Novice: 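Could you have a look at this structure, given as structure tokens, before my questions?
Numbering of ligands and ligand atoms starts at 1, following listing order. Nothing here was measured: the structure is a model prediction, and the numbers come from that model.
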Amino acid sequence: MSILSVKEVTYIYKSKYQSVEAVSNVSCSFDTGKVYAIVGHSGSGKSTLLSLLAGLDLPTKGEIYVYDKPMSSMDRDRYRRETASVVYQSFNLFPLLTALENVTYPMELRGVPVKEAKEKAKALIASVGLEERIAYQLPLMMSGGQQQRVAIARALANNSKILLADEPTGNLDSANGKIIIDLLEKLAHEKDYAVIIITHDMGIADRADIVYTMKDGKLKA
Ligand SMILES: Nc1ncnc2c1ncn2[C@@H]1O[C@H](COP(=O)(O)OP(=O)(O)O)[C@@H](O)[C@H]1O
Ligand SMILES: [Mg+2]
């Protein structure tokens with residue numbers, strides 16, 4: 001059974017003046033241990049689909065299942081704390097917290113004792129290939145590539161099995177982009193994450209195990 005199954009999902013943005021069908025009758029599934037790339041032009045519905053996979057919103061029609069459990073019946077805040085993590089193009093680190101504090105934060109929310117959380121955060125920071133001194137720096141003092149690695153370490157801090165990334169290399173040069181993709185690939189293949197990457201970058205798509213293309217809200221394999 002797949003960790004995520006999308007069944008005939010449609011999402012419509014409704015406003016007073018218009019409604020936009022951003023995702024149209026999409027069905028697909030995602031397994032652990034694999035890297036998925038979702039590619040497509042701007043406006044094709046990729047970010048909307050990702051927010052549905054992240055449980056930030058519910059489909060207008062259809063259902064997303066986490067194993068056999070419908071997302072609509074789940075505590076989705078808990079789903080985001082325990083099952084799925086999202087990494088964004090703009091890193092989204094807390095600017096006033098050090099790298100260590102950024103990574104410790106989700107564990108503190110879960111009630112992990114401070115000392116244990118700090119130890120685990122240090123190990124996670126090392127596991128994404130950052131030097132120990134980075135742990136004590138504020139995001140502003142780090143390069144984009146370093147910030148994205150901290151963001152990934154923070155995503156890993158919640159023990160989730162699903163890693164969702166929206167243009168994770170969009171603000172990085174190609175060398176740093178490659179480091180991030182190497183890391184995401186290792187997480188899928190060695191740590192059994194389901195890694196789902198939205199990207200414009202065909203170089204990333206080439207390295208994915210499975211590529212889905214989105215066009216006008218529709219998905220094809
Ligand atoms: N908050 C919103 N309100 C209304 N329409 C939206 C909103 N967000 C996105 N859209 C529309 O939904 C479609 C898909 O957008 P999006 O999922 O962001 O695509 P992508 O990530 O592929 O660029 C676009 O037509 C976009 O204009
Ligand atoms: Mg987008």
Side-chain angles (χ1 to χ4, degrees), residues 4-30 34-66 71-72 76-77 79-80 83-93 144-145 147-152 154-155 160 162-174 176-178 180-181 183-185 187-188 193-221:
L4 274 178
S5 305
V6 177
K7 298 263 165 73
E8 297 173 10
V9 161
T10 293
Y11 187 85
I12 301 173
Y13 289 102
K14 278 197 194 77
S15 75
K16 213 160 140 190
Y17 305 103
Q18 58 172 353
S19 65
V20 177
E21 188 164 305
V23 173
S24 302
N25 196 27
V26 165
S27 297
C28 55
S29 57
F30 301 95
K34 288 204 171 91
V35 178
Y36 295 81
I38 300 177
V39 299
H41 294 298
S42 177
S44 59
K46 305 180 301 292
S47 294
T48 304
L49 180 61
L50 194 91
S51 70
L52 298 173
L53 296 174
L56 291 164
D57 246 316
L58 285 176
T60 311
K61 283 184 227 153
E63 183 65 82
I64 296 175
Y65 296 87
V66 183
M71 188 96 84
S72 60
R76 287 179 290 128
D77 289 330
Y79 166 74
R80 278 200 309 284
T83 312
S85 297
V86 192
V87 173
Y88 296 96
Q89 175 170 3
S90 50
F91 323 131
N92 289 16
L93 296 174
Q147 288 184 57
Q148 192 59 299
R149 280 187 271 175
V150 174
I152 291 171
R154 184 178 61 182
S160 57
I162 302 168
L163 204 55
L164 302 162
D166 197 347
E167 302 279 2
T169 63
N171 284 334
L172 303 178
D173 59 45
S174 60
N176 275 299
K178 185 177 177 302
I180 296 302
I181 297 309
L183 179 60
L184 293 173
E185 189 173 69
L187 289 167
Y193 279 82
V195 174
I196 303 169
I197 307 172
I198 283 181
T199 182
H200 275 98
D201 182 343
M202 290 316 285
I204 297 179
D206 283 343
R207 292 191 47 192
D209 299 303
I210 292 171
V211 180
Y212 289 124
T213 305
M214 271 202 103
K215 196 181 172 204
D216 300 332
K218 296 193 174 62
L219 191 81
K220 56 179 207 279

Novice: Do other residues, nucleotides or ligands put more than 12 heavy atoms under 6.0 Å from H41 NE2?
Specialist: no
Novice: Please report the shortest heavy-atom distance between V23 and L49, naming the atom on each side.
Specialist: CG2-N, 3.9 Å
Novice: Per the side-chain hydrogen bond (donor to acceptor under 3.5 Å, both in side chains) rule, which among Q89, K46, H200 passes with E167?
Specialist: H200
Novice: What residues form a side-chain contact (heavy atoms from CB on, under 4.5 Å) with L56, not counting sequence neighbours?
Specialist: S51, A54, R80, Y88
Novice: Who's touching ligand 1 if we go heavy atoms under 4.0 Å?
Specialist: Y13, V20, A22, H41, S42, G43, S44, G45, K46, S47, T48
Novice: Once you measure the plane-to-plane angle for F30 and Y36, does it fall in the parallel (<30°), tilted (30-60°) or perpendicular (>60°) bin?
Specialist: perpendicular
Novice: For E21 and T10, does a side-chain donor sit closer than 3.5 Å to a side-chain acceptor?
Specialist: no
Novice: Take the Mg ion (ligand 2) as the centre and count protein N, O or S atoms at distances under 2.8 Å.
Specialist: 1
Novice: Among all residues two or more places apart in sequence or in another chain, which pass the side-chain hydrogen bond (donor to acceptor under 3.5 Å, both in side chains) test with D166?
Specialist: S47
Novice: Answer yes or no: is there a donor N or O on one side and an acceptor on the other, between the side chain of T169 and the main chain of G177, under 3.5 Å?
Specialist: no
Novice: Does A22 offer a backbone N or O that forms a donor-acceptor pair with the side chain of T48 under 3.5 Å?
Specialist: no
